[in-house]
Amino acid sequence: MADRYEPASFEAAWQKRWKNAELFKTRTADDAPKFYGMDFFPYPSGAGLSVGHCRNYVPTDVICRMKVMQGYNVLHPMGFDAFGLPAENEAIKNKTHPAKMIERYAGTYRRQMELIGVSYDWSRSFSSSDPSYYKWTQWIFELMFKKGLAYRRLAAVNWDPIDKTVLADEEIIGGRAERSGAIVEKKWIPQWFFKITDYAQRLLDDLDELNWPEGIKSQQRNWIGRSEGVQFSMKVADSVKPATPVDDDFQVRSTKGSLAFEVFTTRIDTVFGMTFCVLAPEHPLIDSLVGVVGPVFTRRIREYQENAKTLSDTDRQATNREKTGVFTGAYAVNPANGAKVPIWIADYVLSTYGTGAIMAVPGHDERDYEFARKFGIDIVQVIAPSDKSEVKLPYVAKDGILVNSGEYDDMPVVESQTQLGIWMEGLGIGQRKVQFRLRDWLISRQRYWGCPIPIIHTKDGEMQLVLADCLPVELPVVENYEPSGDGSSPLAHIQDFVNVTDLDGRLGHRETDTMGGFACSSWYFLRFCDPMNDKEAWSIKLANYWMPVDCYVGGSEHAVMHLLYARFWTKVLYDAGLVAVKEPFARLENQGQVLALTPYRRPKEGEKLDLGDEGVLVSYKDAESIPEEDLFYRWARMSKSKGNVVTPEEAVEQYGADALRMYLLFVAPFSADVQWSNDGMQGQVRFLSKIFKLVDDSMTFYYPDWRDVIQFEDGDDLCKSIRRRTHKTIQKATEDIDRFAFNTYVSSLMIYVNDLVDLVKKHGANPSRGFALSLSEAIETLVLLISPGAPHSADELWTVIGQGGFTMNEVWPKFDAKLAADDMVTIAVQVNGKLRDTFEIEITASREELEATAMQSSKAKAHFDGLAIRKVIVIPGKLVNIVAS
RNA sequence: GCCGGGGUGGCGGAAUGGUAGACGCGGUGGUCUCAAACACCAUUGGGGUUAAACCCGUGCGGGUUCGAGUCCCGCCCCCGGCACCA
């Protein structure tokens, strides 16, 4: 056999054997515990996988393989998130149909995943664009519709002018579309929403029980944005009569013939400091005001509104922008003290949050303060520090007491918030209220490549669900499906699809918007439990067995998109009695990205760069011909556009699949970004070669039946010390895999191998019986412990040592605490906490013995001689600290 | 500004309040080779010494403790997210 790692000679062969033996088929032993380990399912892009994707898949594979060996029933599936914009755009570019394209790309993904030896059960695979899958996506949509959780309304929505569709709030990053990078425009069109806001509180509360990264949980909390406060009514002074009909929905209402509007505040304690109030430019009360404030004010107001309309959201919401606003000429009454305060209109108040109107307290709010200063409005202090010391306004701290607040003077802020809330509730002018930042999830897209929404619009303007046994509403296969750009879906122009008759024979037309891709990926983890079921979306029994996903692995970029949506759907399905869990993903892990050293050219004089760039991206080839002083390198995420991608094919070809796997595990903690390095890959080749040589060298004294013998023999000290290392390594490796510390899992194996190599060098030529037995155990254990990380090598070595079959079918080594226990320990001798010496002693040594031995240390003595010993701290098994002065 | 995560050798990173720098990469010296590559051996935080001893050292300043990379308080910096959300 080879005494080094020669991947070309065996890796592909093992992959073939695994496939033939159906090694990765989900096991369902009755008495076994279950483990559901899953990766975010990918959109299969034409670029194929890079080694960066492998960093997601390999660690999940490691924990799943270990769980199989530990006797779990493991569900480790993979499928494809095929519907959606990216696939459609690429298909348009390639002048092909997305279905065909996806099939080809998914095939490439699968081949690449198999190339690196990932143990997916492919018999359970599907794409979200398979009619047999999206039939059930539509079925869940219908469930939501029946429950009033899917609805259609006219709304100002985010329109992406490049992709020619609307997008959800979650898909907008800093005013730009996450996918296309286009600056989104506001468009008023009727759209479909899921009522995720109904679940805001539960989505927030249940985060506490999840074993997820803090950062993701906190992003979700921020996104949901719960705040507690008081909503109360403000009357417009002088009984101004409404000029136009008022709409209750928009918080405008008539109170005894006078106009009123609602405001929401989290700082009701500052209500006595209100010196003005502000309406958003879109606020419907304004239409009533303009009729009564006279032509001058009306003209100014309309001018301001027109101006606000032309501003993009991004510009309007830029925080550093100077405040603008206009006085309406009308006043409102502060219900707390009866004061008349001017009503202003300003675009720093958003129509989409709260009531679209605020009470402004410049003494205690930075924005109101800035506004008041600019327009010369009064600033009144109503909160002071408890000691009433002078403070600079605006004073926004919440610790303090009320001043200038009538009967509430001297009351602490927190108490006054409760008291004022109760007082307003008593008068019927307001109530304490919880406000969320979360908006409903906009689900419809004006694009072809998505799951059709199973709705028929009848002639009389009704909306009917397509009957369940008529599902799926299949996407028609057509040649031209490019977005129309007029706000309608391309499906709207396909007459055969659009025109239908309902059961009563009435003419109608189908809904032509499709669902965004995130709908399809909000339940796929349930389908994996029962993927071939054509009678129902999943059997409740199977879903209850496998759910929740025990370990879900993917990138952090989905924090407030997929991960929030999937939680929402699961809760809806839980309420419908279709799943037994309230949360889909018990544990979540985010992998870091793989970065590649990427060449850039310094800008030429006068050359313009994109914002944030320091230079111009160049190819590796061009970099060779650029003078050194004009060239620099940066670590950048691998991407096709940067030309810095390393493919799994290249890495496997040059170094081998196991070397790649071990490198990705070892190079950094799982969640950290890593810097791709060929030297690092070579290091793993060295490590694996060392293992092959070690096993080869051990064959001369390898004792296959060691297990039957070793338990009956006491063994010499050498035997014991080898077994100690073996069992310590078992413990460390097992724990490290469980806690996703794959870097230390590999490093513990390296330490183990280094030790064993030294031992074989020293004793291999003339092995004692105890050595041969314990080293045989060690070799076998080593092969099993590397199996999750380097499965090809493990199976190859398993054959070398004369065992049959696959290591994945073997039992994971069991840690024996007794065998791992030390009999000798190194004790540190400290003087005043500083290390001065160490000594070896039996672990059983008493505190007195430890202290006595430490006191004799000449190195330590030199530091406490002549000083008074005040105390001696003895920590058995660790150290002795002599405190002297 | 707010929220979250960090800051340890030349680099990636180890370290239940108990011997800081495991393991790897790189470097240096050597073996092998005609030579190179690969591989192997030794060495590698800084200062200091022939060698030791010893001194310094986990972003900065304080504190708690017999003992702090780890806990507490106050800062600085980096990364990620949100951002006029009342």
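Letters A, B, ... mirror the listed sequences (proteins, then strands); counts begin at 1. All heavy atoms count here, side chains included; hydrogens, waters and symmetry mates do not.
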Pick the C1' atom in B/U50 and in B/A68, then give their distance to the nearest Å.
-> 37 Å

Any residue meeting side-chain contact (heavy atoms from CB on, under 4.5 Å) with A/Ala280, in chain and number order, not counting sequence neighbours | A/Glu282, A/Val349, A/Ser351

May I have all residue pairs that pass salt bridge (Lys or Arg N to Asp or Glu O under 4.0 Å) and include part of residues 738-760 of chain A, sequence neighbours excluded?
-> A/Lys67-A/Asp738, A/Arg725-A/Asp755, A/Asp736-A/Arg739

Tell me, please, which residues at least two apart from A/Glu171 pass side-chain contact (heavy atoms from CB on, under 4.5 Å).
-> A/Leu167, A/Ala168, A/Arg445, A/Phe518, A/Met561

To the nearest angstrom, the CD-C1' distance between A/Gln219 and B/G81 comes to 4 Å

Can you check B/G9 for me, syn or anti if syn means within 90° of 0?
-> syn

Just distance, no hydrogens or angles: give the donor-acceptor pairs under 3.5 Å from side chains in residues 664-681 of chain A, sequence neighbours left out.
unit_1, atom_1, unit_2, atom_2, d
A/Asp673, OD1, A/Gln593, N, 2.8
A/Ser677, OG, A/Asp679, N, 3.3
A/Ser677, OG, A/Gly680, N, 2.7
A/Asn678, OD1, A/Tyr655, OH, 3.3

B/G1 and B/G10: how far apart are their P atoms, nearest whole angstrom?
-> 32 Å

Would you mind listing every side-chain hydrogen bond (donor to acceptor under 3.5 Å, both in side chains) that reaches into residues 263-279 of chain A, with sequence neighbours excluded?
-> A/Arg267-A/Asp269, A/Asp269-A/Gln417

Within 45° cone and under 6.0 Å: A/Lys323 NZ/CZ vs A/Tyr348 ring | yes

Reckon A/Gly683 touches a base, only the sugar-phosphate, or nothing at all at heavy-atom distances under 4.0 Å?
-> sugar-phosphate

Rounded to whole angstroms, how far apart are CG on A/Asn678 and P on B/G26?
-> 11 Å

Taking the C1' atom of each, how far is B/C56 from B/G21, in whole Å?
-> 15 Å

When rounded to whole Å, the CZ to C1' distance for the pair A/Arg437 and B/G81 reads 11 Å

Let me check something: any side-chain donor-acceptor pairs from residues 855-862 of chain A under 3.5 Å, sequence neighbours excluded? List them with distances.
unit_1, atom_1, unit_2, atom_2, d
A/Ser857, OG, A/Asp837, OD2, 2.7
A/Ser857, OG, A/Lys859, N, 3.4
A/Ser857, OG, A/Ala860, N, 3.0

Would you check, one step at a time, whether the test ring-ring contact (aromatic ring centres under 6.0 Å, His included) holds for A/Phe742 with A/Phe740?
-> CA-CA 5 Å; A/Phe742 301 103; A/Phe740 262 56; 4.8 Å; yes

Nucleotide forming a Watson-Crick or wobble pair with B/G1, both distances under 3.5 Å = B/C82

A/Tyr353 versus A/Ser227, side-chain donor and acceptor atoms under 3.5 Å | yes

Atom CG of A/Leu688 and atom C1' of B/C38 are separated, to the nearest Å, by 16 Å

If you measure from the C1' atom in B/C25 to the same atom in B/G9, how many Å do you get, rounded?
-> 13 Å

Could you work out the separation of B/U33 and B/U49 based on their P atoms and round it to a whole Å?
-> 40 Å

Tell me the salt bridge (Lys or Arg N to Asp or Glu O under 4.0 Å) pairs involving residues 215-230 of chain A, sequence neighbours left out?
-> A/Asp208-A/Arg221, A/Glu214-A/Arg221, A/Arg226-A/Glu228

Name the residue closer to the 5' end of RNA chain B, choosing between A/Ser556 and A/Arg439 according to the nucleotide with the nearest heavy atom.
-> A/Ser556

For B/C40, the Watson-Crick or wobble partner whose two distances fall under 3.5 Å = B/G30

Can you tell me, in whole Å, how much space there is between the P of B/U70 and that of B/C3?
-> 23 Å

All ring-ring contact (aromatic ring centres under 6.0 Å, His included) counterparts of A/Phe436, not counting sequence neighbours = none

Of all pairs that satisfy salt bridge (Lys or Arg N to Asp or Glu O under 4.0 Å), the ones with a partner from residues 866-885 of chain A, not counting sequence neighbours | none

Taking for each residue the nucleotide of RNA chain B bearing the nearest heavy atom, is the 5' side occupied by A/Phe264 or by A/Arg836?
-> A/Arg836

Same-atom distance (C1') from B/C76 to B/G61, integer angstrom | 10 Å

Might you list the N or O atoms of the protein lying below 3.5 Å from N or O atoms in nucleotides 39-43 of chain B, with each pair's distance?
unit_1, atom_1, unit_2, atom_2, d
B/A39, OP1, A/Gln682, NE2, 3.3
B/A39, OP1, A/Arg686, NH1, 3.0
B/A39, OP2, A/Arg686, NH1, 3.1
B/C41, OP1, A/Lys761, NZ, 3.3

Using whole Å, report how far NZ of A/Lys374 lies from C1' of B/C84.
-> 14 Å

Can a side chain N or O of A/Arg321 be found less than 4.0 Å away from OP1 or OP2 on B/A83?
-> no

Could you state the atom-to-atom distance from CZ of A/Phe692 to P of B/C38 in whole Å?
-> 21 Å

For atom CD of A/Glu370 and atom P of B/G1, their distance in whole Å = 15 Å

Who is the Watson-Crick or G-U wobble partner of B/G21, with both distances under 3.5 Å?
-> none

Starting at the 5' end of nucleotides 4-23 of chain B, put B wherever the base has a protein heavy atom under 4.0 Å, S where only the sugar-phosphate does, and a dash everywhere else.
-> SS------BSSSB-BB--BB

Every protein N/O within reach of nucleotides 50-53 of chain B N/O, cut-off under 3.5 Å:
none

When you check the gap from the basic side-chain N to the acidic O, do A/Arg587 and A/Glu589 get nearer than 4.0 Å?
-> yes

Nearest of B/G81, B/C25, B/A86 to any side-chain atom of A/Val349?
-> B/A86

Between B/C79 atom P and A/Leu595 atom CG, what is the distance in whole Å?
-> 13 Å

Taking atom C1' in both B/G59 and B/C54, what distance in whole Å separates the two?
-> 27 Å

Salt bridge A/Asp347-A/Arg321, side-chain N to carboxylate O under 4.0 Å | yes

With a non-hydrogen cut-off below 4.0 angstrom, is A/Lys217 in contact with a base, only sugar-phosphate, or nothing?
-> nothing

Scan every strand shown for a Watson-Crick or G-U wobble partner of B/U64, both distances under 3.5 Å, and answer none if you come up empty.
-> none

